[in-house]
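Please read the structure below before turning to the comments.
To find a chain, count down the sequence lines: A is the first, B the second, and so on, and within it residues start at 1. What you are looking at is a predicted structure, and each value in this text was computed from that prediction instead of being measured.
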2 protein chains.
Amino acid sequence: MSNAAAAGAQSTVQSVDRAITVLEVLADAGEAGVTDIARKLGVHKSTAFRLVAALEKRGLVEQNSERGKYRLGMGILHLAGATTASLDLVQESRPLCRALAAQTNETVNLAILSDGLALYLDQVSGSSALQSHNWVGQRIPLHATSNGKVLLSGLPDSEVARIVRRPLRAYTAETITAMKGLLAVLAAVRAEGHAVAVDEFEVGLTAVAAPVRDFHGDVIASVSVSGPTFRLDSDRLDGIVDNTKRTAASISTRLGWRASPTAKSW
Amino acid sequence: MSNAAAAGAQSTVQSVDRAITVLEVLADAGEAGVTDIARKLGVHKSTAFRLVAALEKRGLVEQNSERGKYRLGMGILHLAGATTASLDLVQESRPLCRALAAQTNETVNLAILSDGLALYLDQVSGSSALQSHNWVGQRIPLHATSNGKVLLSGLPDSEVARIVRRPLRAYTAETITAMKGLLAVLAAVRAEGHAVAVDEFEVGLTAVAAPVRDFHGDVIASVSVSGPTFRLDSDRLDGIVDNTKRTAASISTRLGWRASPTAKSW
DNA sequence: CATTAGCGTTGCGACATGAGCAACGCGGCC
DNA sequence: GGCCGCGTTGCTCATGTCGCAACGCTAATG
């Protein structure tokens, strides 16, 4: 039929494929009605409804009121928790991140590169233990964050130019918006072994990040410490940079970097 | 068959339902092979394979090696990011807090930990005319309030000792001022699942609080019911404790917390 | 070193299953 | 009141999906 929407690959199980599309539509739109979803899927209203109903029954989507729009549900969070729990990276780094958070009293994040954005995998809060917002699962731009710059620093310039989403949006007056400037900063990050972002993504937010490397030496993740700019003044910053770099190096070691390649293989 | 009440069991898209089961199996086991999954689903090996393949194509599951076991993938985290963006703590808890306020006719507060203090995020007043002042945005000590004790109960003792602001100031004659005593009370809070504070912060003010947990099971917030001590006598207190715990559990569920497998008492 | 056993993977035919249609109840909006 | 759009639900047909059996492969076993 008109299944040519996703040109190329043939779907293995049509219903499942469509159901996943429903989830992605909801992730993108925040919330949507059955009719909207059906339109975006290119299927009949009732088909979309049954898909949504199946997802809702298992808690992957929820509807706002008795008869209302749908949105992603808590079941997704169950799965997300299990996902990070099964990732070696998160498991190995968590105790070290916790220690870093305790030492600095600030929030520690672990991020990886994903589809031209930084994806936060884990977060440990500092003394202000429970932040109002949890970034895990969130994806943020690469050019405006310390984590993003570290992740980019592991790639050659040509690759950087390829994957960074353009134009480089200015989130604040401090945001780097020129590709040339970004590449210059990345060179510095490679040389220094860490990145800093002050008020670049959000005014009043400062972050420091350092690279996590796998046994090949490739940058696979980034560890950051972030907090209010007024609290991370230049006096503290040096110490935090050192701490962050040390933590990132320790995680890298755990992952087999510059160590015995005995990594727990499958 | 036309009965809508019992229709919950049916009206599902079989493939989607099975695919979700696959995800849950993987969430539970961490990783599993096609044969394992097929056994747990009670379907044929090839069926399980196709479901997994469909999920893999969209990034919801990944396989370890070229020919190996499967695990949950990064796609789940993308979805989770969108979920948390639309799942705001205050917004999710508000209707439940309102219901709690209506049932108890007392003031309901929602608080989180912030820099060694309890920060009030939301407040719903009971219908009682005697409205205490608005606490939203206020930050109050952890050791002298029911909310504070609940928030602390989610942390290990070492962490508690680290973040609580000392000395433990005595606001009233009932205030806990010894760290040892505080830790003992927190142990009780963890066991009971709720905290009570009578005249500890202010003479004549009684409050009951219960923990709100995220999908990891971590305590991220606290819900409290508070009012004049004379109105919250021991007769009413038990019922209010139950109500508060129930509300906190409901909010937790909305945030993706899976209720403990042990049977509930009520 | 040959053999076995178990894994993930694939072509195929039969049939259960999910798609589309049309109609219903309901709410908001001319 | 009448209209339009929403989410929801029987019904029927053919379509997409399942179970079977067989394959290539790896790794333990004799």
What integer distance in Å separates [X]:[atom1] from [N]:[atom2]?
X	N	atom1	atom2	result
B:Gln63	C:dC7	CD	C1'	13 Å
A:Leu55	D:dT8	CG	P	13 Å
A:Ile37	D:dG5	CD1	C1'	16 Å
A:Lys69	C:dG27	NZ	P	17 Å
A:Asp36	D:dT8	CG	P	13 Å
A:Glu31	D:dC6	CD	C1'	14 Å
B:Phe49	C:dC12	CZ	P	16 Å
A:Asp17	C:dG18	CG	P	15 Å

Donor-acceptor under 3.5 Å ([X] side chain, [Y] main chain):
X	Y	value
A:Thr145	A:Gly148	yes
A:His44	A:Ser46	yes
A:Arg165	A:Asp115	yes
A:Thr83	A:Leu79	yes

- Query: What's the closest nucleotide to the B:His44 side chain, out of C:dA19, D:dA21, D:dC18?
  - Reply: D:dA21
Between [N] and [X], is there an OP1 or OP2 to side-chain N/O distance shorter than 4.0 Å?
X	N	result
A:Thr47	C:dG20	yes
B:Tyr70	C:dT9	yes
B:Gln14	C:dA16	no
B:Thr35	C:dG8	yes
B:Ser15	D:dC18	yes

Look at the side chain of [X] and the base of [N], then say whether one donor and one acceptor between them are separated by less than 3.5 Å.
X	N	answer
B:Arg50	C:dG11	yes
A:Ser46	C:dC21	yes
A:Lys45	C:dG20	no

- Message: Run the side-chain contact (heavy atoms from CB on, under 4.5 Å) test on A:Phe201 and A:His143 for me, step by step, so that the C-alpha distance in whole Å, both residues' side-chain angles and the decisive distance to 0.1 Å come before the verdict.
- Response: CA-CA 9 Å; A:Phe201 183 51; A:His143 69 287; over 6 Å; no
- Item | Comparing A:Gly33 and B:Ala48 on DNA chain D - which has the more 5′ nearest nucleotide | A:Gly33
